[in-house]
Amino acid sequence: MPHSPQEKKRALTRLRRIRGQAEALERALEQGAECGAVLQQLAAIRGAVNGLMAEVLESHLREEFGDAAGRDAGARRTGDRQAGIDQAIALVRSYLK
């Protein structure tokens, strides 16, 4: 779950965009749109959902492990942990593209 008001607003905005895309897909199917157009819309929806998932996951990782990084005694370990969080987020984002 997004924790800050900005993250929550961003997630809701993405979700509303996904809802609009799904409604457009429904209309396209009802009207008998070409397969190519339907597939393109499905790909756009999948990308939007993956983007939302990556955002929520990033927020979760930073919340869960970022606090632990702040409690570490040494600045080097804190930097290493932050770098590890950034690497994990980058990996997940690349997987979801």
Side-chain angles (χ1 to χ4, degrees):
M1 176 68 191
H3 299 282
S4 74
Q6 297 88 355
E7 290 173 342
K8 184 176 181 179
K9 182 178 180 180
R10 193 170 38 242
L12 287 171
T13 299
R14 279 182 175 267
L15 184 59
R16 289 181 183 120
R17 189 176 310 126
I18 292 166
R19 182 186 317 146
Q21 290 174 314
E23 289 170 353
L25 176 61
E26 181 180 8
R27 286 190 300 275
L29 290 172
E30 287 173 346
Q31 296 170 1
E34 294 290 323
C35 289
V38 169
L39 289 169
Q40 185 175 15
Q41 189 64 32
L42 284 167
I45 292 170
R46 182 183 62 196
V49 168
N50 286 346
L52 176 60
M53 186 182 329
E55 234 177 65
V56 172
L57 182 58
E58 178 177 350
S59 174
H60 174 71
L61 288 173
R62 291 198 186 282
E63 181 73 21
E64 287 296 314
F65 299 109
D67 284 347
R71 290 190 302 263
D72 278 347
R76 178 160 163 66
R77 284 193 298 174
T78 299
D80 290 347
R81 182 162 303 198
Q82 189 60 45
I85 293 168
D86 292 343
Q87 267 186 325
I89 290 167
L91 179 66
V92 169
R93 284 190 178 276
S94 69
Y95 175 75
L96 292 175
K97 283 188 178 187

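What you see below is based on every heavy atom in this structure, not just the backbone, and it leaves out hydrogens, waters and symmetry mates.
- To the nearest 0.5 Å, the span separating OG on Ser4 from CD on Glu63 amounts to 9.5 Å.
- Between Glu58 and Arg62 there is a salt bridge, with a side-chain nitrogen of the basic residue lying less than 4.0 Å from a carboxylate oxygen of the acidic one.
- Contact record, Ala54 with Arg93: CB-NH1, 3.6 Å, taken as the closest heavy-atom pair.
- Atom CD of Gln6 and atom OG of Ser59 lie 11.0 Å apart (nearest 0.5 Å).
- Here the CG atom belonging to Asn50 is positioned 9.0 Å from the CD1 atom belonging to Ile18, to the nearest 0.5 angstrom.
- Under a hydrophobic clustering in which Ile, Leu, Val, Met, Phe, Trp and Tyr are joined whenever their side-chain heavy atoms come within less than 4.5 Å, directly or via other members, Leu39 and Leu25 fall into the same cluster.
- At a threshold of 4.5 Å between side-chain heavy atoms, the hydrophobic network of Ile, Leu, Val, Met, Phe, Trp and Tyr places Met53 and Leu61 in one connected group.
- Surrounding CD of Gln87 are at most 12 heavy atoms belonging to other residues, nucleotides or ligands under 6.0 Å away.
- Listed for the Gln21 side chain is no donor-acceptor partner under 3.5 Å among the backbone atoms of Gln41.
- Residues Arg14 and Leu52 come closest through the heavy atom pair NH1-N, 3.7 Å.
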